[in-house]
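Values below: all heavy atoms of this structure, side chains included; hydrogens, waters and symmetry mates excluded. Only a predicted model underlies this, so the values are computations on that prediction, with no experimental measurement involved. We number each residue from 1, following the sequence as shown. When a ligand or atom number is given, it counts from 1 through the structure's own listing order.
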Amino acid sequence: MELPTGLIPALRSASKILVLTGAGMSAESGVPTFRDELTGLWKKFRPEELATPEAFMDHPQTVWDWYTERRRNINKVRPHAGHRALVEMEQLFESLLLVTQNVDGLHQQAGSSEVVELHGNIMVSICSKTGKRIEDSWIESNPGRPPASPHHTQGLARPAVVWFGEQLPAGAMNRATAAAHECDVCFSIGTSTLVQPAASLPFVALSAGAVVIEINPNPTPLSTQANFSLQATAAEALSAITAELAHSG
Ligand code: OAD
């Protein structure tokens, strides 16, 4: 794909990079997004019935089964060329912090070293009462949908993801916001830029004087304000950028 004039020179003169990713980053690996018209999870299911502490309290089995299904699907998928391009990019800059809203662990699987998971990780289980981690071995050897928690008599196992109305993991947003203030370039990839506080990060970077590059086949609230808005898929655009950086290095 043809890259807009000025994008590669802006990256050439950068040393600190912040990358924000959303569900669109995992789409080409086969993980459904949330809000895409046809395939989005929130088009098929009502988030308030599946992704809130209240829903889990009222219907623990329904919620557990839904996450078990999502875990099964995520276990089948693999990172794509876009994930690998971000790993390559780590070698090209002084620092690159990857802040993701995704809970699928695909960035880490691809080899990204500095990953902040703003919304947790779906493959990890925790106690609904204490928040303490529950080992997979306990989940596998204890029936029940969900299994009881080993850490609290009234506790149940739940996925370590952020549900609506819940706090983000301690420190995660502070680290992301600090990087948004300090970065030279901020990428916003595969996110509808609708869910706060993550959606504020590219705007913080913009107001701090960074160059903002959006990658998304569809327009978002950021598109008209980003310095570069690439209407392309994550794999396509990131592969083109790293190829060009490597080529004209
Ligand atoms: P959304 O589903 O809201 O948005 C996905 C975005 O990715 C859309 O703007 C698509 O146009 C774009 N997209 C689709 N395919 C793409 C591709 N191949 N390459 C690049 N972009 C592509 O997902 P998020 O913005 O991540 O939170 O949603 C934010 C949060 O809302 C999620 O983390 C989740 C959800 O509710 C919680 O559950 C707390």
Undergrad: Would you mind reporting whether L7 and L230 have side-chain heavy atoms less than 4.5 Å apart?
TA: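 When only atoms from C-beta onward are counted, L7 and L230 do touch, with a gap below 4.5 Å.
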
Undergrad: In the protein, which heavy atom is nearest to atom 36 (O) of ligand 1, and how far is it?
TA: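 The answer is W42 NE1, 2.9 Å.
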
Undergrad: If you measure from the Lys or Arg side-chain nitrogens to the Asp or Glu carboxylate oxygens, is any gap between E244 and R12 under 4.0 Å?
TA: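 So E244 does not pair with R12 through a salt bridge.
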
Undergrad: Does a side chain donor of either E214 or S188 reach within less than 3.5 Å of an acceptor in the other side chain?
TA: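 Looking only at side-chain atoms, S188 and E214 do not form any donor-acceptor pair under 3.5 Å.
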
Undergrad: Could you pull out, from A234, G82, S188, the option with a heavy atom nearest to atom 20 (C) of ligand 1?
TA: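 The residue whose heavy atom sits nearest atom 20 (C) of ligand 1 is A234.
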
Undergrad: State the atoms of ligand 1, each with its element, that fall below the 4.0 Å cut-off from a heavy-atom position in G190.
TA: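 Checking each atom against G190, I get 5 (C), 6 (C), 7 (O), 20 (C), 21 (N).
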
Undergrad: Would you mind listing which atoms of ligand 1 come within a distance below 4.0 Å of any non-hydrogen atom of A23?
TA: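 The list of qualifying atoms is 23 (O), 24 (P), 26 (O).
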
Undergrad: Please state which option from S192, A232, P217 has its nearest heavy atom closest to atom 3 (O) of ligand 1.
TA: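 That would be S192.
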
Undergrad: Donor-acceptor check, side chain of Q196 to backbone of S200, threshold 3.5 angstrom: yes or no?
TA: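 Yes; judged by distance alone, with no hydrogens or angles, the pair exists.
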
Undergrad: Heavy-atom contacts with T33 under 4.0 Å: which atoms of ligand 1 show up? List them by number with element.
TA: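 Reading through ligand 1 atom by atom, the close ones are 2 (O).
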
Undergrad: I need the atoms of ligand 1 closer than 4.0 Å to a non-hydrogen atom of E28, numbered in the order shown.
TA: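 Listed by number with element: 17 (C), 18 (N), 19 (N).
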
Undergrad: Has R71 got a side-chain atom pairing as donor or acceptor with I122's backbone, closer than 3.5 angstrom?
TA: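 Yes.
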
Undergrad: Quick one: which ligand 1 atoms are inside 4.0 Å of a heavy atom on V162?
TA: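 So the answer, numbered in order with elements, is 39 (C).
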
Undergrad: Calculate, to the nearest 0.5 Å, the distance between atoms CE and CG belonging to M173 and L118 respectively.
TA: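 Reported to 0.5 Å precision, the distance equals 6.0 Å.
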
Undergrad: If you measure from each non-hydrogen atom of H119 to ligand 1, which part falls under 4.0 Å: side chain, backbone, both or neither?
TA: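 Side chain only.
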
Undergrad: To which protein heavy atom is atom 25 (O) of ligand 1 closest, and what is the distance rounded to 0.1 Å?
TA: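 Answer for atom 25 (O) of ligand 1: T191 OG1, 2.7 Å.
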
Undergrad: What residue and heavy atom of the protein are closest to atom 15 (N) of ligand 1, and at what distance?
TA: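 Atom 15 (N) of ligand 1 sits closest to the protein heavy atom A27 CB, 3.8 Å.
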
Undergrad: G22 heavy atoms, cut-off 4.0 Å: which ligand 1 atoms fall inside?
TA: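 Going through ligand 1 atom by atom, the ones under 4.0 Å from G22 are 26 (O).
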
Undergrad: From the options N216, N218, T233, select the one whose nearest heavy atom is closest to atom 9 (O) of ligand 1.
TA: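 The option holding the nearest heavy atom is N216.
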
Undergrad: Please identify which atoms of ligand 1 are closer than 4.0 Å to at least one heavy atom of D36.
TA: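 The list of qualifying atoms is 8 (C), 10 (C), 14 (C).
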
Undergrad: How many angstroms lie between atom NZ of K16 and atom CG of D184, to the nearest 0.5 angstrom?
TA: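 It comes to 7.0 Å.
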
Undergrad: For W163, is the NZ or CZ atom of R158 found under 6.0 angstrom from the centre of its six-membered ring and inside 45 degrees of the ring axis?
TA: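 Judged by the rule (NZ or CZ under 6.0 Å from the ring centre, within 45° of its axis), R158 counts as positioned above W163.
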
Undergrad: Suppose we measure from atom 32 (C) of ligand 1 to each protein heavy atom; which comes out shortest, and what is that distance?
TA: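 Closest protein heavy atom to atom 32 (C) of ligand 1: F34 CE1, 3.6 Å.
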
Undergrad: Mind checking whether V195 contacts ligand 1 via backbone (N, CA, C, O), side chain (CB onward), both or neither, at a 4.0 Å heavy-atom cut-off?
TA: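 Within the 4.0 Å criterion, V195 contacts ligand 1 through side-chain atoms alone.
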
Undergrad: Suppose we measure from atom 29 (C) of ligand 1 to each protein heavy atom; which comes out shortest, and what is that distance?
TA: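 Looking at atom 29 (C) of ligand 1, the protein heavy atom closest to it is Q101 OE1, 3.3 Å.
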
Undergrad: Can you tell me if L194 has a non-hydrogen atom under 4.0 Å from ligand 1?
TA: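 L194: no contact with ligand 1 (<4.0 Å).
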
Undergrad: Is W163 touching ligand 1 with its side chain, its backbone, both, or neither, if touching means heavy atoms under 4.0 Å apart?
TA: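 Under 4.0 Å from ligand 1, W163 contributes no heavy atoms.
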
Undergrad: If only atom types and distance count, is the side chain of S29 paired as donor or acceptor with the main-chain N or O of V31 below 3.5 Å?
TA: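 No, S29 side chain to V31 backbone: no donor-acceptor pair under 3.5 Å.
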
